[in-house]
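See below for the structure under consideration.
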Amino acid sequence: MTIHNITATRRSFLAGAGLVIGFTLAPKVFSAQALEGVPAGGGETLSPMNAFVKIGADDTVTVLSKHIEFGQGPFTGLATLVAEELDADWSQMRAVHSPADDKIYANLIYGLQGTGGSTSIANSYEQLRKAGATARAMLVSAAAAEWNVPASEITVSKGRIKHAASGKESGFGALAAKAATQTPPAEPTLKDPKDFVLIGQELPKLDTLSKTNGTAVYTLDVTADNMLYAVVEHPAHFGATVKSFDDSEARKVPGVVDVKQVPQGVAVYADNTFAALKGRAALKVEWDLSKAETRSSDQLTADYTKMFAETGIQATHNGDVDKAFGGQGVQSLEATIVFPFLAHAPMEPLDAVFIKRADGSVDVYNGAQFPGMDKNTTAKILNLDPAQVRVNTQITGGSFGRKAQFGSPYIQEAAGVFAATDGRRPLKHMWTREDDIRGGYYRPMYVHKMRGAMDADGQIVGWDQTIVGQSIMGKADLDSTSVEGASDLPYTIPNLRVIAHNTKLEVPPLWWRSVGHTHTGFAVETFVDELLQKVGKDPVEGRLALLSKEPRHMGTLKKVAEMANWGSPVPDGRQRGVAIVKSFDTYVAQIVEISLGEDGAPRVHKVWCAVDCGVAVNPNVIAAQMEGGIGYGLGAVLFDAITLGDGGKIVQSNFHDYRSLRINEMPAIEVAIIPSTEKPTGVGEPGVPPVGPAVANAWRRLTNNPVRQLPIVNVLSA
Amino acid sequence: MWANAVKTNSNQSTRQPSENYFKLARWFLVLVAETCLDPSPDAFHVRCSLDAQDRPTQASTPHVRSQMRDTNMITFKLNGQERTFDGDPETPLLWVIRDFEKLTGTKYGCGIAQCGACTVHMDGTTRRSCITPISTVEGSDIITIEGIEGKEADAIHKAWVAIDVPQCGYCQSGQIMSAVALLQTTPKPTDDDIDGAMAGNICRCATYHRIRQAIHNAADTMEG
Ligand code: FES
Ligand code: FES
């Protein structure tokens, strides 16, 4: 395998990938210097061992991450896997993004290059260990040739290659060039997990330093000489198009270079960001709403609720639900739960930089969650062969699913804006926060109808759940992402039915950190808790009794109960709630302790969290993802909704009306990782789903008010 | 912009003022202070989709030094170096720093003083550079993440690295600028002090748990 070559003509701020995450302090005074972005694939002076590992003469080992680093930790995680089998020292490890290549850098679960579904470690666990083991074998064989000793007598430890008998010793760097020419072993041997020295350790993250001194280069930071800055005026209705526009005032703004209509709206090109924004604000655009979504969120809820009466798509039916509900002495409980649209609102809004090179090829710098797709889309829009497009994934300010889009609609817009110019000036396209909040691709609205049947002995004997909402995958038949977590209900209930209805609307849907579990986790975990309460069972004991066939669920739930000392007295005015959700094959149980805040809303004091994600590759990253997932999920459940107002106009626009959890609202958190020898599974998303239902369960026990609509604050003030 | 900031909480204002409200109130005060220097919501802010009634009225006390001058040339110090700017005087400091000075550690997150990603120090106190027109910066001393120094900054940097605070990292320059300013005035902050100083800085990755811990750790290391 070879590493894609990147034209050597470019000025590269960070030539030599080692510097990207170098362990030196930033100079205190920066001179004005254009940062042309970090090229994918690492510096060209490094010796490639294979598609994933390059070694520098300075002993640094650079791992090419096929997964985007946006905070969830693949740079550190993948480097850990390589370093383990390479017997490297952690201090010599570096990481950069790989080039875009749907074959070499495919996500082995999806068959295309892409980050999502909390799969980065799961799909790379063997692949990256093999890459490390292969590189090790090549170094050893280079040393054997160089020293003229048998390879079998050579040892490698902490980045030093040694031959004890002759006393020869070397770092990796001195042998790297020679190692690169060695034949890689066909099938490298991997370590027995009991011999791991790095996997499972609390290793410092590779990208921390550059993220504390301002040197990490994000797409928004990429600059080129003579660069154009472009923003697009978008409609406030989904499906609206430009009818006409008047750009006479916009063109008077100093620094505005041009204004053009593009399929998504009206683009303003300027010499700097502010001029572009000011020019955009001076535009007068008339929108054609004839094909737009004009229903309000309230109307959508009413329309969705009506669909319960229609025949849906059966996702699961075990036993005989109708019979169970009609059984003698059976009591039933019914609830309708309404979920709003949610925006992802990653801290760095969508952005991209395009630079056309002298040979006609184009460099794209962006937060590429589906790099191959972004590459093909760019090529198509710019009328180039994909081989002429290089996607350079940059360190990215979050995503939560937002940057993983089939067909790359954002890149369609950005590349289209670039294509509308003559391409002679590099171009940065950015979305403002308003574009982001109003940009669609939301977690869809869903309405769940829940019915539960309890027999005279207090057993839950029937579960009937109907889910109405958009299919994220755009399916006409069953979309598993609409029902995951419900159709495969972990609780043993003899009669189970789950029905889905797909709705059609102009608001584009997308996965949002933990996808279907964002709503199914809430519906299932609040409803089972309510049923257990009705039959007088303890939330933990009652769940355990229903999970007897699910040992990993049980282990995780028992662990969290033990951490929180479940059953011990709770301080006056406080109440606890529990929830457990398995998502992406990772089991997370959480217990929250809340009180009634002075504003009448839940105040969350503490969250205990137990996670079983198989082998814990980096416990530090796992804990961070649990903490972050809890904060992200809690903010959404307490505060967030994107609503369509009268006539379908989007109501929210920025962080003032699309709230984020703030530090004063963040609970104390304790995380425990269940020891396991199972294959590692993901942690980027699974921390999110349990916190909402755990809070709602505590809230119901505290106030007697079940939460039937999210976000919680909207219901309180209603 | 402050009217808007206050509105953030108005969902809750029909109920009793919350604990959170008071904690947030401290940074609202900071914003109000900043807004008094903000001469007017310019066209850019209008674009920030605020309803007319949400916008602050034309600023009460625009003491904008540069408007007294005949020239548009604005002079200020950036990380100790004297800089001049002769472009549109309405240009927010954020974009001057990023687009013209090419110091990109200071980030854009909202443009309306809601997220703190753009936080810099102006004459020794934190400032949302996204709502600070460059015309109000004449003669001021601006420090960004690239130039922050001193024992508080050292302690904060070390504490941040030691427990790996950042996730995506995009908000962290702003977090660090706010945290350093906190330690400069309050060397031994309580949790409430931290809430008061840091509630204006959003972290979508919700690294708050570690931010709080790192600030306490930094304060501890500064004691000796
Ligand atoms: S960008 Fe200035 S506060 Fe958000
Ligand atoms: S670390 Fe990602 S927004 Fe704070």
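Each chain gets a letter, A, B and so on, in the order the sequences are listed, and its residues count up from 1.
By number of non-hydrogen pairs under 4.5 angstrom with chain B, the leading residue of A/Met347, A/Met430, A/Glu69, A/Gln72 is A/Met347. Of the listed residues (B/Cys168, B/Gly80, B/Gly105), the greatest number of heavy-atom pairs within a distance under 4.5 Å of chain A belongs to B/Cys168. Among the candidates B/Gly87, B/Gly109, B/Ser173, the residue making the largest number of heavy-atom pairs closer than 4.5 Å to chain A is B/Gly109. By number of non-hydrogen pairs under 4.5 angstrom with chain A, the leading residue of B/Thr144, B/Thr104, B/Asp88 is B/Thr104. Ranked by heavy-atom pairs under 4.5 Å with chain B, the first of A/Ala624, A/Gly279, A/Ala275 is A/Ala624. Residue with the most contacts toward chain A among B/Arg212, B/Gln172, B/Gln213: B/Arg212 (heavy-atom pairs, distance under 4.5 Å).
Contact check on A/Arg662 versus B/Asp195 returns no salt bridge, with no Lys/Arg side-chain nitrogen under 4.0 Å from an Asp/Glu carboxylate oxygen. Remark: A/Arg433 engages A/Asp436 in a salt bridge, criterion side-chain N to carboxylate O under 4.0 Å. Between A/Asp221 and B/Arg98 there is a salt bridge, with a side-chain nitrogen of the basic residue lying less than 4.0 Å from a carboxylate oxygen of the acidic one. Looking at B/Asp99 and A/Lys428, no side-chain N of the basic residue comes within less than 4.0 Å of a carboxylate O on the acidic one, giving no salt bridge. Salt bridge annotation for A/Lys606-A/Glu670: present, with a cationic side-chain nitrogen under 4.0 angstrom from a carboxylate oxygen.
Looking at A/Ser660, the atoms closer than 4.5 Å to chain B (heavy atoms on both sides) sit in the backbone and in the side chain alike. Interface residue A/Leu203: only backbone heavy atoms are found under 4.5 Å from chain B. Residue A/Ala668 touches chain B through its backbone alone, counting heavy-atom pairs closer than 4.5 Å. Neither the backbone nor the side chain of A/Ala636 has a heavy atom closer than 4.5 Å to any heavy atom of chain B. Looking at A/Met227, there are no atoms closer than 4.5 Å to chain B (heavy atoms on both sides), in backbone or side chain. Heavy atoms of B/Ile202 lying under 4.5 Å from chain A belong to its backbone as well as its side chain.
For A/Lys284, the NZ atom is densely surrounded, since the number of other residues' heavy atoms within 6.0 Å is greater than 12.
In terms of the ring pair (Phe, Tyr, Trp, His ring centres under 6.0 Å) criterion, A/Phe70 has no residue partners (sequence neighbours excluded).
Residue pairs that meet the salt bridge (Lys or Arg N to Asp or Glu O under 4.0 Å) test with at least one member in residues 156-175 of chain B, sequence neighbours left out, do not exist here.
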